[in-house]
Novice: 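What follows is a single structure, and I will ask about it in a moment.
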Amino acid sequence: MRYGIIHSIETCGTVDGPGLRFVVFTQGCLMRCLYCHNRDTWDMETDKSRKITVDELMQQVIQYRFYLKATGGGVTASGGESLLQPEFIRDWFVACKAYGIHTCLDTNGYARHYDKTLEELLDHTDLVMLDLKQLDNEIHKKLVGVPNNRTLMFAEHLQKRNQLTRIRYVIVPGYSDDDHSAHLLGQYIAPMDNIEKVELLPYHELGAHKWALCGDTYQLEGVHPPPKETVEHIADIIKSYGKEVMH
């Protein structure tokens, strides 16, 4: 029986999609974001991760389905990076749709295979929340540790599918809080009619302590959340390209 490797579950999440969400944080991620607040999800398995089948997961989801539906919510696959376990997420979303439960994929777009499994996963996904961390590839490599080509390829695949998508953009001082970066994002997504809105997420330091627990040094020590004025300024730039912005 197929199983997924997960980090944790949040039964009443409010920041990972519309309404109340049943959020599954999967293990494994190939990006190395300097600001990652889930550093303990990078490895595919840890001494705290656990394996779970779709049936076991659905037993929990069903208990909350009326609360989720009443708020316009549903389930969200997050991480880590849930696209590293596409068969499991596909099967879970198929099971959720059988109950009429809204499904959301929270992803950095690092898809390794464009195959039947991915298409079936997306066929059963109501909303994709895609992290576009930085359009400037050189800055992206410094901030994330890898080029942005896979993420952009995935964004363009979603556009071709006309897949309902919400862009998430983390405003990190010194890396993505400047006008040029905001204009690059606005220019890139301007022609994409499948994008419902852009969600601006100010950088925060809440996950910094996890780096030490994992034996790593948090490289953004001393970097603080951007001021409200910076967030509003970036919002105005992106709005100028015809996209709705929330922050």
Side-chain angles (χ1 to χ4, degrees), residues 1-10 13 16-17 21-58 60-61 74-97 103-134 140-141 143-158 161 163 165-168 170 201 207 210-211 214 216:
M1 182 177 294
R2 181 176 290 121
Y3 61 81
I5 305 172
I6 67 171
H7 171 273
S8 57
I9 292 173
E10 185 176 358
D16 294 293
R21 313 296 301 183
F22 184 101
V23 187
V24 173
F25 296 92
T26 59
Q27 279 292 144
C29 186
L30 299 178
M31 290 190 178
R32 297 293 181 260
C33 300
L34 297 181
Y35 57 84
C36 182
H37 59 275
N38 287 328
R39 167 62 186 87
D40 47 346
T41 65
W42 285 3
D43 297 330
M44 280 304 298
E45 290 193 61
T46 70
D47 56 356
K48 294 183 179 180
S49 64
R50 63 188 177 100
K51 298 177 180 178
I52 191 169
T53 66
V54 170
D55 288 345
E56 291 170 337
L57 191 54
M58 288 305 297
Q60 299 183 52
V61 172
V75 302
T76 298
S78 188
E81 176 46 55
S82 48
L83 284 182
L84 295 184
Q85 302 183 55
E87 294 88 357
F88 173 70
I89 301 302
R90 176 199 60 192
D91 293 352
W92 180 38
F93 279 10
V94 168
C96 288
K97 295 309 297 179
T103 56
C104 176
L105 176 68
D106 180 13
T107 177
N108 60 34
Y110 205 91
R112 293 181 293 177
H113 305 287
Y114 286 78
D115 54 12
K116 181 180 178 182
T117 298
L118 179 64
E119 295 308 309
E120 290 174 345
L121 190 166
L122 293 175
D123 286 343
H124 291 85
T125 301
D126 292 307
L127 173 66
V128 176
M129 294 196 303
L130 176 63
D131 293 328
L132 285 183
K133 303 172 189 293
Q134 174 57 258
H140 190 279
K141 287 188 286 188
L143 180 64
V144 179
V146 297
N148 61 13
N149 60 302
R150 285 184 181 270
T151 299
L152 300 186
M153 185 185 302
F154 189 70
E156 289 154 21
H157 185 68
L158 296 176
R161 286 179 51 93
Q163 185 101 30
T165 300
R166 177 184 299 181
I167 298 300
R168 284 183 145 184
V170 181
L201 304 172
K210 295 182 181 180
W211 287 65
C214 294
D216 288 338

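Just so it is clear, the structure is predicted and the values come from calculations on it, not from any experiment.
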Novice: Please determine whether a side-chain nitrogen of the Lys or Arg among D123 and R90 lies less than 4.0 Å from a carboxylate oxygen of the Asp or Glu.
Specialist: no
Novice: Compare every heavy atom of G17 with every heavy atom of R168, then report the nearest pair and how far apart it is.
Specialist: NH2-N, 4.5 Å
Novice: Please name the pair of heavy atoms, one in G80 and one in T41, separated by the smallest distance, quoted to 0.1 Å.
Specialist: N-OG1, 3.0 Å
Novice: Counting only N and O atoms by type, is there a donor-acceptor contact under 3.5 Å from the side chain of Q163 to the main-chain atoms of T125?
Specialist: yes
Novice: Testing V61, L57, L105, D16 one by one against V75 for a side-chain contact (heavy atoms from CB on, under 4.5 Å), which residue passes?
Specialist: V61
Novice: What do the steps show when you test L122 against V128 for side-chain contact (heavy atoms from CB on, under 4.5 Å), and what is the final call?
Specialist: CA-CA 8 Å; L122 293 175; V128 176; 4.2 Å; yes
Novice: Which value, rounded to the nearest 0.5 Å, describes the distance between E156 atom CD and T151 atom OG1?
Specialist: 11.0 Å
Novice: Considering only heavy atoms from C-beta outward, does the side chain of C214 approach that of T46 to under 4.5 Å?
Specialist: no
Novice: Donor-acceptor pair, E45 side chain versus I5 backbone, under 3.5 Å?
Specialist: no
Novice: Look up atom CH2 in W92 and atom OG1 in T53, then write down how far apart they are to the nearest 0.5 Å.
Specialist: 12.5 Å
Novice: Mind listing the closest non-hydrogen atom pair of D91 and R2 along with its distance?
Specialist: OD2-NH1, 2.5 Å
Novice: What class does the angle between the rings of F25 and H7 fall in, given that below 30° is parallel, 30 to 60° is tilted and above 60° is perpendicular?
Specialist: perpendicular
Novice: Check the pair K133, V170 against side-chain contact (heavy atoms from CB on, under 4.5 Å), reporting the backbone distance first and the verdict last.
Specialist: CA-CA 6 Å; K133 303 172 189 293; V170 181; 5.9 Å; no
Novice: Are E10 and R21 packed together at the side-chain level, in the sense that at least one heavy-atom pair is separated by less than 4.5 angstrom?
Specialist: no
Novice: Walk me through whether M58 and C96 qualify under side-chain contact (heavy atoms from CB on, under 4.5 Å).
Specialist: CA-CA 8 Å; M58 288 305 297; C96 288; 3.8 Å; yes
Novice: Once you round to the nearest 0.5 Å, how far does CZ of R39 lie from CG of D216?
Specialist: 4.5 Å
Novice: Quick one: NE2 on H140 to CG on L152, what's the gap to the nearest 0.5 Å?
Specialist: 7.5 Å
Novice: Indicate yes or no: at least one non-hydrogen side-chain atom of N148 is less than 4.5 angstrom from one of Q134.
Specialist: no
Novice: Between atom CG of L83 and atom CZ of F154, what is the distance when rounded to the nearest 0.5 Å?
Specialist: 5.0 Å
Novice: Which residues pass the ring-ring contact (aromatic ring centres under 6.0 Å, His included) test with W42, sequence neighbours left out?
Specialist: W211
Novice: Could you pull out the closest heavy-atom pair between L130 and A155, with the gap in Å?
Specialist: CD2-CB, 3.6 Å
Novice: Which distance, rounded to the nearest 0.5 Å, do you find between the CG of L143 and the SG of C33?
Specialist: 6.0 Å
Novice: Looking at I52 and R50, what are the two nearest heavy atoms and their distance?
Specialist: CD1-NH1, 3.9 Å
Novice: For the pair S82 (side chain) and T26 (backbone), establish whether a donor and an acceptor sit closer than 3.5 Å, ignoring hydrogens and angles.
Specialist: no
Novice: Please examine the side chains of Q27 and L84, heavy atoms only from C-beta on, and report whether any two atoms are closer than 4.5 Å.
Specialist: no
Novice: For R150, check salt bridge (Lys or Arg N to Asp or Glu O under 4.0 Å) against everything at least two apart and list the hits.
Specialist: none
Novice: Is it true that K48 and D40 make a salt bridge, defined as a side-chain N closer than 4.0 Å to a carboxylate O?
Specialist: no
Novice: Locate the shortest heavy-atom distance separating M31 from Y110; write the atom from each residue and the value.
Specialist: CE-CD1, 3.9 Å
Novice: Taking D126 for its side chain and C104 for its backbone only, find out whether a donor-acceptor pair lies under 3.5 Å.
Specialist: no
Novice: Report yes if the side chains of V24 and I89 come closer than 4.5 Å at any heavy-atom pair, otherwise no.
Specialist: no
Novice: I'd like to know whether N38 forms a side-chain contact (heavy atoms from CB on, under 4.5 Å) with S78, so could you lay out the CA-CA distance, the side-chain angles of the two residues, the decisive distance to 0.1 Å, and finally the verdict.
Specialist: CA-CA 11 Å; N38 287 328; S78 188; 5.8 Å; no
Novice: As a quick check of understanding, evaluate side chain to side chain donor-acceptor pair (under 3.5 Å) for E81 and T107, giving each step before the final call.
Specialist: CA-CA 6 Å; E81 176 46 55; T107 177; 2.8 Å; yes
Novice: So, do L118 and P86 sit near enough that their side-chain heavy atoms are less than 4.5 Å apart?
Specialist: no
Novice: Are the side chains of R166 and L127 in contact, using a 4.5 Å heavy-atom criterion?
Specialist: yes
